[in-house]
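Quick notes on the structure that follows.
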Amino acid sequence: MNAFSRRGACPALSAPMQTGDGLLVRLNPVAGGLSPKSLIGLGESALRHGNGIMEVTARSSLQIRGLTSASARLLAMEVDALGIAVRTGVPVETGPLAGLDPQEIADPRPLAERIRAAIAEAGLAQRLGPKVSVIVDGGGRLGMDAVTADVRLAAVRMDAAIQWKMSIAGDGQSAKPLVIVEEDAARDIAIAILRMVAEKGREAHARDLTRRQLRSLASWRVLPPSVLPDISPSRGEIGGFVVGSSSAASEIGENRDQSAISPLEGEMSGRTEGGAVERLPVPARFPIGVFDLTAGTALGIGLPFGSMPAQKLIGLTQHALTLGAAEIRLAPQRALLFIGLSPTACHSLQQAATTLGFVTDAADPRTRIAACPGAPACASGRIATRDIAETIAAENRDLLDASVTLHISGCAKGCAHPAPAALTLVGGDNGAGLVVDGTAKALPAGYRPGYDTARGVGRIAAAIREARFRGETTAACLTRLGAAGVTELYRQE
């Protein structure tokens, strides 16, 4: 097993990534979910071979931390022994309630599987970078609008038929629209997009495609699969008949500029939750609470800051098993969905989760905070990020509304949230620095001792309470106060 530490690489089970607290592996079950016994087994493996910390990422991957080269190999063997098949290659993601939600427009899993098979047949996994991804969103209560992807397919109803709206390079709000097509065309166009990206090299994303290439995709009539390998994406010539909306090409751009489209502000990675700071975040329902399914009920439970000691996760899952949970699905925004419970069992499991410190309320202020392990868990961490986060969440619930994300980073790498945040606290030689509307990599405008960080944020919160207009969001109030004013509040003794 080869360990590596290159930023932007995916720490798969076969290729763990070096972090400040050892090696990290990330896995996604092929089946889409795990049995309770399998999750318990993974937790026990994390205790034996890692540092006992388990995480669910913003893109619904499971991570195990604190491994060594030797223990990572043992972990991989135990995952195999548990019968857990994990996905490799290009991620093709569906919503956490795919196939179970009575409100979804279409079950996205068959199309997602067809796209995976076509990717494998075309040999694209070896030619694309590790962060290239596809989303197939069937809609419903837990859609995938808040998750970024290179290729997006979203189910829509048109004249009593199901069609797929295709767009590229972004989340549900920022992605560039291409066309609306039926399922076969959606699969073929998705593969054509990935071929174009692959031709540009392993560092490329769909955001790097030219306007000419995008226009050709938007006006493409479905070609037989046998023709697809012969397409030359660099020429941008694929076909000439409109497949869906005739306005798709004009939305992309009418001129013949061959330059690439503007990239998103924020790395398209499993660690990215944000996007451009100039726009509001995509509204998304947190996968926390009770959800009625086509058969049975599901309970969504969040991990605070995406992380939990394996022993607590084991305890919660054991309780879920006794209550009749049949499956556990990983959900975006760092949550777990326990499937197959009765309403009474949901209530019992929710109470147990609250006692153990899990997030059981979608309005919990901890859902607005991104915090890495920090000190002392991570050798790179200069501040105790999770302790600071817990204190801020407890004392400033009203500050953390849906308009802001607070990022607390143990160091300047910003692993928990590479995108800009309204407020970022970053550990360094001078203590905890504050960055307003930026990332952890930016130069902080002000500092205070790490142990006193929460008090500085409390001063900002107090000023917002005093200055905020009726109905005004925290983000809008921060803008009025200005970066210099916010920084001065943070620095005050």
Side-chain angles (χ1 to χ4, degrees), residues 27-57 60-65 75 77-86 95-102 141-142 285-364 366-367:
L27 58 90
N28 295 92
V30 168
L34 294 163
S35 71
K37 289 184 178 179
S38 293
L39 185 55
I40 291 169
L42 282 175
E44 292 170 346
S45 292
L47 288 171
R48 279 192 295 271
H49 304 303
N51 60 10
I53 299 296
M54 298 182 72
E55 298 176 328
V56 177
T57 72
S60 67
S61 295
L62 183 67
Q63 294 186 162
I64 296 174
R65 307 186 68 97
L75 175 72
M77 293 170 61
E78 291 185 5
V79 169
D80 186 59
L82 287 168
I84 302 172
V86 296
L97 290 180
L100 302 176
D101 186 353
R141 287 165 295 175
L142 296 180
R285 179 172 180 182
F286 280 100
I288 296 171
V290 178
F291 300 89
D292 292 328
L293 308 179
T294 51
T297 309
L299 176 66
I301 293 173
L303 280 66
F305 322 118
S307 178
M308 211 65 181
Q311 194 60 63
K312 288 191 174 184
L313 192 56
I314 291 170
L316 182 69
T317 307
Q318 287 174 332
H319 188 49
L321 184 60
T322 65
L323 293 171
E327 181 186 6
I328 300 168
R329 291 191 179 184
L330 307 167
Q333 303 182 77
R334 304 180 171 93
L336 297 170
L337 284 164
F338 293 81
I339 311 293
L341 298 170
S342 68
T344 302
C346 283
H347 180 69
S348 176
L349 187 61
Q350 198 169 46
Q351 286 185 317
T354 300
T355 301
L356 288 168
F358 287 85
V359 177
T360 57
D361 179 1
D364 191 310
R366 291 177 293 178
T367 63

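In terms of heavy atoms, Ile288 sits closest to Ala362 at CG2-N, 3.8 Å. Looking at every heavy atom in both residues, Pro304 comes nearest to Arg366 through CB-NH1, 3.7 Å. Considering all non-hydrogen atoms of both residues, Pro332 and Ser60 come closest at N-CB, 3.4 Å. Annotation for Val290 and Cys346: closest pair CG2-CB, 4.2 Å, computed over non-hydrogen atoms.
Paired with Leu62 under the rule side chain to side chain contact (heavy atoms under 4.5 Å, CB included), one option of Ile84, Thr57, Leu330 passes, and it is Leu330.
Of the inter-residue distances, the one linking Leu341 atom CG with His347 atom NE2 reads 13.5 Å to the nearest 0.5 angstrom. Taking OG1 of Thr297 as the reference point, atom CG of Leu100 lies at 11.5 Å (rounded to 0.5 Å). Taking CZ of Phe291 as the start and CG of Leu142 as the end, the distance is 4.5 Å to the nearest 0.5 Å. Put simply, CD on Glu44 and CG on Leu47 are 7.5 Å apart, with the number rounded to the nearest 0.5 Å. In this structure, CG on Leu34 lies 7.5 Å from CG on Leu27, to the nearest 0.5 angstrom. Rounding to the nearest 0.5 Å places CG of Leu321 at 11.0 Å from CG of Leu349.
With sequence neighbours excluded, the residues forming a salt bridge (charged side-chain N to carboxylate O under 4.0 Å, His left out) with Asp361 are Arg397, listed by chain and number. Qualifying side-chain hydrogen bond (donor to acceptor under 3.5 Å, both in side chains) partners for Glu327, counting only residues two or more places apart in sequence or in other chains: Arg329.
Counting only distance, with no hydrogens or angles, the side chain of Thr355 and the backbone of Gln351 share a donor-acceptor pair below 3.5 Å. Using a distance-only test at 3.5 Å, with no hydrogens or angles considered, no donor-acceptor pair links the side chain of Arg65 to the main chain of Glu55.
The side-chain heavy atoms of Met54 and Leu42, taken from C-beta on, include a pair separated by under 4.5 Å. Ile339 has its side chain within reach of Leu97: a pair of non-hydrogen atoms, C-beta onward, lies under 4.5 Å apart. Looking only at side-chain heavy atoms (C-beta outward), Leu323 and Ser348 come within less than 4.5 Å of each other.
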With a 3.5 Å cut-off and sequence neighbours excluded, list the donor-acceptor pairs that the side chains of residues 306-317 form with protein atoms.
from	atom 1	to	atom 2	distance (Å)
Ser307	OG	Arg386	NH1	3.1
Lys312	NZ	Leu356	O	3.2
Thr317	OG1	Leu313	O	2.7

Could you go through the side-chain contact (heavy atoms from CB on, under 4.5 Å) check for Leu299 and Gln350 one step at a time? CA-CA 8 Å; Leu299 176 66; Gln350 198 169 46; 3.9 Å; yes
